[in-house]
Amino acid sequence: MGYLSKMSFKEKIDDKTITLINVYFLQVFLTFWGLLLHPIDISLVYAPSIYFIIIFIAIVLSGFFARFLFSNKKEYSIATVAAIIGNTGNLGIPINIAIFGEESIPYTTMVNLVNVFVVYSIGVFYYSRGSFDTKTSLINIIKLPILWAAILALILSINEIKPNEAIMHMLMMGAYASMTMQLFLFGIYLYGTKIKEINKTLVVWVLVFKFIILPVVAFVVLVNLELDYMIKGIVFIELLMPLAVANVNLASLYDCMPRVVTALVLLSSVVFLGIIFIGVEVLKYF
């Protein structure tokens, strides 16, 4: 629908307006509702902690090597951060349920929680750096209401405070509207995106980092840890998820080549259809 609407109405559809409505309003509902949906158990810290450590190692590696590959500021930002923002929620949780069963839900929920903070801190910083200086990029993190909604939801969940059913239904409606709008926006940016015109080095780097370098880093870290097989597997599979549509939201919000990011999300999703089978085979070595 997003693709067809942009194709039909061209400039009458303002991409940036839809992005602002989604990021500053609807995604607040999605984040708040999503984090309150399942109780957060602080005792389940292993999976999210390991996930964050691997993400930190990955961002250092990608930031270092991307400097030598990309002179364009926006391409450097995309090359540094795009691969680490994966679809750990809508795609990662059901795939882990399919592999490990419903007992994986508490762990995937906690990993997804960490990913929310990664997206709206590290992700915001790097996509913002494509257009702004360091100080402004740090301020942009603080200005984003999603981060504060996540912190509030985390506090409420830890203290076992849950809004009544009517409020949760309201939040759920906003959350589903946000998910719909995300995909609609993805379609809008997909229109007019020409993969052939995108820097091939950027495409190869993001896909190689996402599906080769990041999994290798994850495997090296996980194989040397004395942890339950399921926890290792969950973290590995979550890191294998393709680029999330959240990349497009942030790229659009901070004018960091959103159509290029849209193409990367699409390509990573297609490649993932084959990579996931290899990933499942790798689980045997944990």
Colleague: Are I276 and L273 connected in the hydrophobic side-chain network, where two residues link if heavy atoms are under 4.5 Å apart?
Modeller: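 No, I276 does not connect to L273 through the hydrophobic network.
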Colleague: side-chain contact (heavy atoms from CB on, under 4.5 Å) for I167 and N164? Distances and angles first, verdict last.
Modeller: CA-CA 6 Å; I167 293 176; N164 64 44; 3.5 Å; yes
Colleague: Indicate yes or no for a side-chain donor-acceptor contact from D15 to the backbone of S252 under 3.5 Å, with no hydrogens or angles considered.
Modeller: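 No; judged by distance alone, with no hydrogens or angles, the pair does not exist.
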Colleague: Could you check whether atom NZ of K73 has more than 12 heavy atoms from other residues, nucleotides or ligands sitting under 6.0 Å from it?
Modeller: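 Yes, NZ of K73 has more than 12 neighbouring heavy atoms, counting only those of other groups under 6.0 Å.
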Colleague: Taking the six-membered ring for Trp, are F68 and F64 closer than 6.0 Å centroid to centroid?
Modeller: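 Yes: the rings meet the under 6.0 Å criterion.
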Colleague: Between S104 and N96, is there a side-chain donor-acceptor contact under 3.5 Å, judged purely by atom types and distance?
Modeller: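 There is no such pair (donor and acceptor under 3.5 Å, judged by atom type) between the side chains of N96 and S104.
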Colleague: More than 12 non-hydrogen atoms from neighbouring residues, nucleotides or ligands closer than 6.0 Å to NZ on K10, yes or no?
Modeller: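 More than 12 heavy atoms, drawn from other residues, nucleotides or ligands, come within 6.0 Å of this atom.
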Colleague: Do side-chain atoms of S62 reach the backbone of I59 as a donor and acceptor pair under 3.5 angstrom?
Modeller: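 Between the backbone of I59 and the side chain of S62 there is a qualifying donor-acceptor contact (under 3.5 Å).
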Colleague: Rounded to the nearest 0.5 Å, how far apart are CD1 of I95 and OG1 of T88?
Modeller: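 Reported to 0.5 Å precision, the distance equals 11.5 Å.
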Colleague: I'd like to check L156 versus L35 (side-chain heavy atoms, cut-off strictly below 4.5 Å). Are they in contact?
Modeller: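 No. Closest side-chain heavy atoms not under 4.5 Å.
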Colleague: Membership question, hydrophobic clusters at under 4.5 Å side-chain separation (ILVMFWY): are L69 and L214 in the same one?
Modeller: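 L214 and L69: one cluster.
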Colleague: Side chains of N115 and Y51: does their closest heavy-atom pair fall under 4.5 Å?
Modeller: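 Answer yes - side chains close enough.
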Colleague: Report yes if the side chains of P215 and L240 come closer than 4.5 Å at any heavy-atom pair, otherwise no.
Modeller: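 Touching, per the 4.5 Å side-chain cut-off.
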Colleague: Any heavy-atom pair between the side chains of F25 and P145 that's under 4.5 Å?
Modeller: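 Answer no - side chains too far apart.
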Colleague: Test side-chain contact (heavy atoms from CB on, under 4.5 Å) on S137 and V124 and set out the steps.
Modeller: CA-CA 7 Å; S137 297; V124 169; over 6 Å; no
Colleague: Ring-plane angle category for W205 and F65, please: parallel below 30°, perpendicular beyond 60°, tilted otherwise.
Modeller: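 Because their plane-to-plane angle lies in the 30° to 60° range, the rings of W205 and F65 count as tilted.
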Colleague: Rounded to the nearest 0.5 Å, what separation is found between the CG atom of L183 and the CG atom of N22?
Modeller: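 Here the interatomic distance stands at 9.5 Å.
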Colleague: Hey, does the side chain of K74 reach the backbone of G130 with a donor-acceptor pair shorter than 3.5 angstrom?
Modeller: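 No: the side chain of K74 does not pair with the backbone of G130.
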Colleague: For a 4.5 angstrom cut-off between non-hydrogen side-chain atoms, does F56 reach V60?
Modeller: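 Result yes, sub-4.5 Å side-chain heavy-atom pair found.
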Colleague: On a heavy-atom basis, which atom in F286 and which in V223 lie closest, and how many Å separate them?
Modeller: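 What the structure gives for the nearest pair is CE2-N, 4.2 Å.
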Colleague: Classify the ring geometry between F219 and Y285 as parallel (under 30°), tilted (30 to 60°) or perpendicular (over 60°).
Modeller: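 It falls in the perpendicular class, over 60°.
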Colleague: Keeping K232 on the side-chain end and L225 on the backbone end, is there a donor-acceptor pair under 3.5 Å?
Modeller: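 Checked: pair present.
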Colleague: Would you say E160 has more than 12 foreign heavy atoms packed within less than 6.0 Å of its CD?
Modeller: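 Not buried by this count: 12 neighbours or fewer within 6.0 Å.
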Colleague: Do side-chain atoms of S5 reach the backbone of G2 as a donor and acceptor pair under 3.5 angstrom?
Modeller: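 A pair under 3.5 Å: yes.
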Colleague: How long is the straight-line distance from CZ of F125 back to CG of L138, given to the nearest 0.5 Å?
Modeller: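 The CZ atom of F125 is 5.0 Å from CG of L138, to the nearest 0.5 Å.
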Colleague: Show the numbers, then the answer: is there a side-chain contact (heavy atoms from CB on, under 4.5 Å) between I198 and L264?
Modeller: CA-CA 10 Å; I198 299 172; L264 290 172; 5.6 Å; no
Colleague: Run the side-chain contact (heavy atoms from CB on, under 4.5 Å) test on N72 and L202 for me, step by step, so that the C-alpha distance in whole Å, both residues' side-chain angles and the decisive distance to 0.1 Å come before the verdict.
Modeller: CA-CA 11 Å; N72 182 290; L202 180 61; over 6 Å; no
Colleague: Are the side chain of N159 and the backbone N or O of I161 linked by a donor-acceptor pair below 3.5 Å?
Modeller: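 No; judged by distance alone, with no hydrogens or angles, the pair does not exist.
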Colleague: If the condition is ring-ring contact (aromatic ring centres under 6.0 Å, His included), which residues does Y176 pass it with, not counting sequence neighbours?
Modeller: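 Listed in chain order: W33.
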Colleague: Under the 3.5 angstrom rule, does the side chain of S131 hit a backbone N or O of Y254 as a donor-acceptor pair?
Modeller: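 Pair found, side chain donor or acceptor close to backbone of Y254.
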Colleague: Answer yes or no: is there an ion pair linking D255 with K16, defined by an N-O contact shorter than 4.0 Å?
Modeller: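 Between K16 and D255 there is no salt bridge, as every charged N stays at least 4.0 Å from the carboxylate O atoms.
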Colleague: Side-chain heavy atoms under 4.5 angstrom apart, residues restricted to Ile, Leu, Val, Met, Phe, Trp, Tyr: same cluster for M241 and L283?
Modeller: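 Yes: a chain of side-chain contacts under 4.5 Å links M241 to L283.
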Colleague: What's the separation between atom OH in Y127 and atom CD1 in I85, rounded to the nearest 0.5 Å?
Modeller: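 Output value for this atom pair is 5.5 Å.
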Colleague: Judged by atom type as modelled, is there a donor-acceptor pair below 3.5 Å linking the side chain of R67 to the main-chain atoms of F70?
Modeller: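 Checked: no pair found.
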Colleague: Do the side-chain N and O atoms of T19 and N249 include a donor-acceptor pair separated by under 3.5 angstrom?
Modeller: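 No, no side-chain donor-acceptor contact under 3.5 Å.
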Colleague: Counting distance only, does the side-chain N/O of N112 pair as donor-acceptor with the main-chain N or O of G89 below 3.5 Å?
Modeller: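 Yes, N112 side chain to G89 backbone: donor-acceptor pair under 3.5 Å.
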Colleague: Looking at side-chain heavy atoms only, is the closest gap between V261 and Y189 below 4.5 Å?
Modeller: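 Of all side-chain heavy-atom pairs linking Y189 with V261, none is under 4.5 Å.
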Colleague: Between NZ of K135 and CG of N140, what distance do you get to the nearest 0.5 Å?
Modeller: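 So the NZ of K135 and the CG of N140 are separated by 12.5 Å.
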Colleague: Are L243 and I78 linked, directly or through intermediate hydrophobic residues, by side-chain heavy-atom contacts shorter than 4.5 Å (ILVMFWY only)?
Modeller: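 Yes; L243 is reachable from I78 via cluster members.
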Colleague: Nearest 0.5 Å, please: how far is CD1 in I237 from CZ in F100?
Modeller: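 Answer for the CZ-CD1 pair, F100 versus I237, is 6.0 Å.
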Colleague: Answer yes if V270 and I212 sit in the same cluster of Ile, Leu, Val, Met, Phe, Trp and Tyr residues linked by side chain heavy atoms under 4.5 Å apart, and no otherwise.
Modeller: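 Hydrophobic grouping puts V270 apart from I212.
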Colleague: Do T31 side-chain atoms and V28 backbone N/O form a donor-acceptor pair below 3.5 Å?
Modeller: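 Side chain of T31 to backbone of V28: no pair is present.
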